[in-house]
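Letters go in sequence order (proteins before strands), and every chain restarts at 1. These numbers come from a predicted model, not from an experiment.
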Number of protein chains: 2
Amino acid sequence: MRHARLPASEEIAIEDVFHALSDPFRLEIVRRLAVEGEASCQALEGDRPKSSVSHHFRVLREAGLIRTRNEGATRMNALRREDIDRRFPGLLSCVLSARNS
Amino acid sequence: MRHARLPASEEIAIEDVFHALSDPFRLEIVRRLAVEGEASCQALEGDRPKSSVSHHFRVLREAGLIRTRNEGATRMNALRREDIDRRFPGLLSCVLSARNS
DNA sequence: TCGATAGTTCGATATTTTTCGAACTTTGGC
DNA sequence: GCCAAAGTTCGAAAAATATCGAACTATCGA
């Protein structure tokens, strides 16, 4: 398996973060990871085909928002809280507390 | 001139805001408006054709980030600071203090 | 009234994203 | 070794965005 490019904390670009969060499904993933701590891709997929789910996780990973670790045959995803907070203080807490309507 | 749809503060959707800010040119516009207070479209265009500039201002307007007021033949644009702060506390200050590298 | 200036709108093309099936990889269990 | 489970990758097609010229609108000044 080729290794996914994970930007270092200082390399996280705010445009990429914004783009990643502009999709409702990805935003939902981020919010759930914030609550659940870690989760497999499958645990968060909402009836979507796995290639689509994989695509969205990749966007989040490449933007620097999540980290993925292998646990046997499954991958556990987690928010990169400290990294994001260090790079963009306040952003995550704003995203997580923002409510619709 | 048809009236541009401006979402009310409570109607501002975070996905739309993120999408609007995911473009480097639009992000730059927001940052400059934060510093300059008000500016015409032309003052912020960077050699782009005016139809493109107009498009980007429209995306910002429809996302709820800026407000445009007519002043004679020109339009003055301003950040909707209070509205954004009320709707998503911390977001704007995070955007404005985030620096590249 | 005639320009000139500042934007907007329209339409067409180009670029980027999204979506999803099929084939492939990796790991664990039998 | 073989099979199932969990993802990834590839490729193609669909959808959304961006770009830009041309025509149009509104306002100010001479």
Side-chain angles (χ1 to χ4, degrees), chain A residues 1-6 13-30 32-33 36-79, chain B residues 1-6 13-30 32-33 36-79:
Chain A
M1 174 186 128
R2 228 168 303 146
H3 220 51
R5 25 264 177 269
L6 254 228
I14 200 158
E15 287 94 337
D16 294 344
V17 170
F18 285 152
H19 169 249
L21 296 176
S22 69
D23 179 274
F25 178 47
R26 292 192 295 254
L27 187 59
E28 177 64 20
I29 290 174
V30 165
R32 293 193 47 186
L33 286 179
E36 304 179 17
E38 264 195 331
S40 65
C41 299
Q42 166 177 256
L44 300 185
E45 92 191 19
D47 275 346
R48 287 175 178 72
K50 40 193 206 158
S51 52
S52 296
V53 174
S54 188
H55 163 72
H56 289 295
F57 273 93
R58 190 220 276 244
V59 172
L60 289 170
R61 215 179 295 122
E62 295 187 346
L65 286 166
I66 67 173
R67 147 186 33 248
T68 303
R69 130 185 116 73
N70 287 10
E71 179 160 319
T74 106
R75 281 142 218 231
M76 293 306 271
N77 304 282
L79 256 189
Chain B
M1 175 188 127
R2 228 170 302 146
H3 220 50
R5 27 261 176 273
L6 255 224
I14 200 159
E15 287 94 337
D16 293 344
V17 169
F18 285 152
H19 168 249
L21 295 176
S22 68
D23 179 274
F25 179 45
R26 291 193 294 254
L27 187 59
E28 177 64 19
I29 290 175
V30 166
R32 293 192 51 185
L33 286 180
E36 304 179 17
E38 264 194 332
S40 65
C41 300
Q42 166 178 252
L44 300 184
E45 93 191 18
D47 274 349
R48 287 175 177 73
K50 42 194 205 156
S51 51
S52 296
V53 174
S54 187
H55 163 71
H56 289 296
F57 272 93
R58 190 221 276 240
V59 171
L60 289 170
R61 214 179 294 123
E62 295 186 345
L65 286 165
I66 68 174
R67 151 184 32 247
T68 303
R69 128 185 117 74
N70 287 8
E71 178 161 318
T74 106
R75 287 153 209 219
M76 294 305 273
N77 303 283
L79 257 189

Query raised in the report: Taking the side chain as C-beta and beyond, is there a heavy-atom pair between A/Arg26 and A/Val30 under 4.5 Å?
Result: no
**Report entry** Rounded distance in Å - CZ (B/Arg69) to C1' (D/dA26)
**Finding:** 16 Å
Query - Nearest-Å distance for atom pair CG/C1', residues A/Asp47 and C/dC20 - result: 14 Å
Report task. Whole angstrom is fine here: how far is it from CG in A/Asn70 over to C1' in C/dT25? Result -> 12 Å
Query raised in the report: To the nearest angstrom, how far is A/Glu71 atom CD from D/dA6 atom P?
Result: 13 Å
Requested in this report: Working to the nearest 0.5 Å, report the span between CZ of A/Arg67 and CG of A/Leu6.
Outcome: 7.5 Å
For nucleotides 17-19 of chain C, give me every protein contact, N/O to N/O, under 3.5 Å, one pair per line with atom names.
residue: C/dT18; atom: OP1; partner: A/Arg26; partner atom: NH1; Å: 3.3
residue: C/dT18; atom: OP1; partner: A/Arg26; partner atom: NH2; Å: 3.0
residue: C/dT18; atom: OP2; partner: A/Arg26; partner atom: NH1; Å: 3.4
residue: C/dT18; atom: OP2; partner: A/His55; partner atom: NE2; Å: 3.2
residue: C/dT19; atom: OP2; partner: A/His56; partner atom: NE2; Å: 2.6

Query raised in the report: Just to confirm, is there a sub-4.0 Å distance from OP1 or OP2 of D/dT27 to any side-chain nitrogen or oxygen of B/Arg75?
Result: no
Requested in this report: Could you tell me whether B/Ser54 contacts a base, only the sugar-phosphate backbone, or nothing, with contacts defined as non-hydrogen atoms closer than 4.0 Å?
Outcome: base
Requested in this report: Provide, to the nearest angstrom, the distance between the CZ atom belonging to B/Phe57 and the P atom belonging to D/dA18.
Outcome: 15 Å
Side-chain polar contacts of residues 36-47 of chain B - donor-acceptor pairs under 3.5 angstrom, sequence neighbours left out - could you list them?
residue: B/Glu36; atom: OE2; partner: B/Arg32; partner atom: NE; Å: 3.1
residue: B/Glu36; atom: OE2; partner: B/Arg32; partner atom: NH2; Å: 3.1
residue: B/Glu38; atom: OE1; partner: B/Arg69; partner atom: NH2; Å: 2.9
residue: B/Glu38; atom: OE2; partner: B/Arg69; partner atom: NE; Å: 2.9
residue: B/Glu38; atom: OE2; partner: B/Arg69; partner atom: NH2; Å: 3.3
residue: B/Ser40; atom: OG; partner: B/Ala43; partner atom: N; Å: 3.1

Report task. Measure from the side-chain N and O atoms of A/Ser54 to the backbone N and O of A/Ser51, and report whether any donor-acceptor pair falls under 3.5 Å. Result -> no
Query raised in the report: Whole Å only: how far is the NZ atom of B/Lys50 from the P atom of C/dT5?
Result: 10 Å
Query - B/Gln42 CD - C/dT5 P separation (whole Å) - result: 10 Å
Query - Closest nucleotide among D/dG7, C/dG7, D/dT8 to the B/Cys41 side chain - result: C/dG7
Report task. Mind telling me whether B/His56 and B/Phe25 have parallel, tilted or perpendicular rings, with 30° and 60° as the class edges? Result -> perpendicular
Query raised in the report: Rounded to the Å, how far apart are A/Arg58 CZ and C/dT16 C1'?
Result: 14 Å
**Report entry** Residues forming a ring pair (Phe, Tyr, Trp, His ring centres under 6.0 Å) with B/Phe57, sequence neighbours excluded
**Finding:** none
Query raised in the report: Knowing that exactly one of A/Asn77, A/Leu60, A/Leu33, A/Ile29 qualifies, which makes a side-chain contact (heavy atoms from CB on, under 4.5 Å) with A/Leu65?
Result: A/Leu60
